[in-house]
S.K.: 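This is the structure, below, for whatever I ask next.
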Amino acid sequence: MPELPEVETIARGLAACLPGRRIVAARLGKTDFVDNPEELARALPGCIVRRVERYGKFLLLRLAAGNGAAGPTLLIHLGMTGQLIPQRADVPRAPHTHVVLSLDDGTEVRYTDLRRFGRMALVADGKLHSILGSLGPDPLQMAPGEFVQRLAARRAMVKALLLDQRTLRGLGNIYADESLWRARIHPARQAARLRRDQLLRLHRSVRAVLSAAIRLGGSSIANYRNAQGEPGLFQLNHRVYHREGRPCPRCRARIRRVIVAGRSSYFCPLCQRRPKGFKR
DNA sequence: CTTACGGCCTGGGTGC
DNA sequence: TGCACCCAGGCCGTAA
């Protein structure tokens, strides 16, 4: 499931091979996840990739028009199972390949997405703000005080806030659970009832978990692959995620799974004390 | 405005 | 062999 570390890994891989390349053809398969597919197929050929960036969980391919003038941005969200992998054109296409961008060096950037929960749109720079403007700060660039400020007055459950991209951008279920375990905070705690030192600890935990995950190329549970088609390694360092019934690495208590904020949430019942009134 | 919750999208895996 | 069901993440609508 691509969250911030996985998208960052993919963006770095693509940044090593895409900038300067001209798109010579765009072919679409199923397009129900593409915003205005006809326009996208018409406008992409001739564009040159200037830069590859990550914004939260979004990938941004910053394009230039053929004559070098500023162009639109290809905005890609990988959803749960989206993959964006450059390959030589003679390599057979994987199943569920729905977008193929042919480049001027004989390679193809291929978007495959088993579930098609991803999204793709070609957006003029002036309109980017309307899509990305509501997202919160990047956790890796966020000052501790700002993190505390965004959570301290909120009565929602802390995990719901970590997952809400308006609070901060880039966390998903894996890294929310891993961060809360590291900070010893139960996912169902009300953010407003956490002490300042707990919020500061959570901020440090989020940053430490994300940084370590980026260093290991992200987490591969089932489908995630980087831009070279390789899995990540951080799943080997998961402490609680997808580890129900296994011992907590700190205290050996059995990891439990409950539903919090509508999501499976893994936590240690001893290290992460449940709030009063939270059943199970 | 804030929060909680249910439903929807899709298809692989699981269990009967 | 077949098939119903669960689950995943993000988003949206609704209700309080």
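Throughout, protein chains are lettered first and strands after them, A, B, ... in sequence-line order, and every chain is numbered starting at 1. A quick note: this is a predicted structure, and the numbers were derived from the prediction, not measured. Only heavy atoms go into these numbers, but all of them, side chains included; no hydrogens, no water, no symmetry mates.
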S.K.: CD1 of A:Ile76 versus P of C:dG9: gap in Å, rounded?
M.R.: 21 Å
S.K.: List for me each residue that meets ring pair (Phe, Tyr, Trp, His ring centres under 6.0 Å) alongside A:Phe117, sequence neighbours excluded, and say none if there are none.
M.R.: none
S.K.: Kindly state whether the pair A:Phe117 / B:dT10 counts as stacked, where counting means centroids closer than 5.5 Å and planes tilted less than 30° apart.
M.R.: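 No; centroid distance or tilt outside limits.
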S.K.: For nucleotides 1-8 of chain B, list the nitrogen or oxygen atoms of the protein found under 3.5 Å from its nitrogen or oxygen atoms, one pair per line.
M.R.:
from, atom 1, to, atom 2, distance (Å)
B:dT3, OP1, A:Arg154, NE, 3.3
B:dT3, OP1, A:Arg155, N, 2.9
B:dT3, OP1, A:Ala156, N, 3.4
B:dT3, OP2, A:Arg154, NE, 2.6
B:dT3, OP2, A:Arg154, NH2, 2.3

S.K.: Enter the inter-axis angle for the ends of the helix from B:dT2-C:dA16 to B:dC16-C:dG2 (five pairs per end, rounded to 10°).
M.R.: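 The end-segment axes of the helix from B:dT2-C:dA16 to B:dC16-C:dG2 are tilted 40° relative to each other.
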S.K.: Please identify each residue that fulfils salt bridge (charged side-chain N to carboxylate O under 4.0 Å, His left out) with A:Arg12, with sequence neighbours left out.
M.R.: A:Glu8
S.K.: Check residues 229-240 of chain A and write down every donor-acceptor pair under 3.5 Å in which the side-chain atom is one partner and the other belongs to a residue at least two apart or another chain.
M.R.:
from, atom 1, to, atom 2, distance (Å)
A:Glu230, OE1, A:Asn226, ND2, 3.1
A:Gln235, OE1, A:Ser220, N, 2.9
A:Gln235, NE2, A:Gly232, O, 3.0
A:His238, NE2, A:Ser219, OG, 2.8
A:Arg239, NH1, A:Asn237, O, 3.4

S.K.: Using the ring pair (Phe, Tyr, Trp, His ring centres under 6.0 Å) rule, collect all pairs that involve residues 45-75 of chain A, keeping only residues at least two apart or in two chains.
M.R.: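 Checked against ring pair (Phe, Tyr, Trp, His ring centres under 6.0 Å) - neighbours excluded - the pairs reaching residues 45-75 of chain A are A:Phe58-A:His77.
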S.K.: Using heavy atoms to find the nearest nucleotide of DNA chain C for A:Ser264 and A:Gln165 separately, return the residue whose nucleotide is more 5′.
M.R.: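 Closest to the 5' end, via its nearest nucleotide, is A:Ser264.
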S.K.: List the steps, then state whether side-chain hydrogen bond (donor to acceptor under 3.5 Å, both in side chains) holds for A:Ser205 with A:Arg184.
M.R.: CA-CA 10 Å; A:Ser205 298; A:Arg184 306 183 194 221; over 6 Å; no
S.K.: Could you check how far CG of A:Asp32 sits from P of B:dC9, rounded to whole Å?
M.R.: 11 Å
S.K.: Locate the shortest heavy-atom distance separating A:Ile85 from A:Ala227; write the atom from each residue and the value.
M.R.: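 Residues A:Ile85 and A:Ala227, closest heavy atoms: CG2-O, 3.5 Å.
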S.K.: Which pairs, with at least one residue in residues 66-83 of chain A and sequence neighbours excluded, count as a salt bridge (Lys or Arg N to Asp or Glu O under 4.0 Å)?
M.R.: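 Sorted result for residues 66-83 of chain A: empty, none.
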S.K.: Suppose the criterion is salt bridge (Lys or Arg N to Asp or Glu O under 4.0 Å): which pairs have a residue in residues 92-102 of chain A, not counting sequence neighbours?
M.R.: A:Arg93-A:Glu108
S.K.: Could you tell me how far apart A:Gln83 (CD) and C:dG9 (P) are, to the nearest whole angstrom?
M.R.: 16 Å
S.K.: Between protein and nucleotides 11-14 of chain B, what N or O pairs are separated by less than 3.5 Å?
M.R.:
from, atom 1, to, atom 2, distance (Å)
B:dG11, OP1, A:Arg116, NH1, 3.2
B:dG11, O4', A:Arg115, NH1, 3.3
B:dG11, N2, A:Arg115, NH2, 3.4

S.K.: Testing A:Arg166, A:Gln190, A:Arg154 one by one against A:Leu161 for a side-chain contact (heavy atoms from CB on, under 4.5 Å), which residue passes?
M.R.: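 So the option named by the test is A:Arg154.
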S.K.: Counting any heavy atom closer than 4.0 Å, what does A:Asn173 reach on the DNA or RNA strands: base, sugar-phosphate only, or nothing?
M.R.: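 It contacts sugar-phosphate atoms only.
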S.K.: Quick one: which residue pairs count as a salt bridge (Lys or Arg N to Asp or Glu O under 4.0 Å) with a foot in residues 38-47 of chain A, not counting sequence neighbours?
M.R.: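 Salt bridge (Lys or Arg N to Asp or Glu O under 4.0 Å) check on residues 38-47 of chain A returns A:Glu39-A:Arg42.
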S.K.: Any pair with a residue in residues 126-164 of chain A that passes ring pair (Phe, Tyr, Trp, His ring centres under 6.0 Å), sequence neighbours left out, goes on the list, sorted by first then second residue, please.
M.R.: A:Phe147-A:His203
S.K.: Is any side-chain N of the basic residue among A:Lys30 and A:Asp113 closer than 4.0 Å to the acidic one's carboxylate O?
M.R.: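 The answer is no: the pair does not qualify as a salt bridge.
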S.K.: Taking CE from A:Met80 and C1' from B:dC9, how many angstroms apart are they, rounded to a whole number?
M.R.: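 Taking CE of A:Met80 and C1' of B:dC9, I get 11 Å after rounding.
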S.K.: So do the side chains of A:Ser264 and A:Ile259 get within less than 4.5 Å of each other, counting heavy atoms only?
M.R.: yes
S.K.: What does the list of N/O pairs under 3.5 Å between the protein and nucleotides 14-16 of chain C look like, with a distance for each?
M.R.:
none

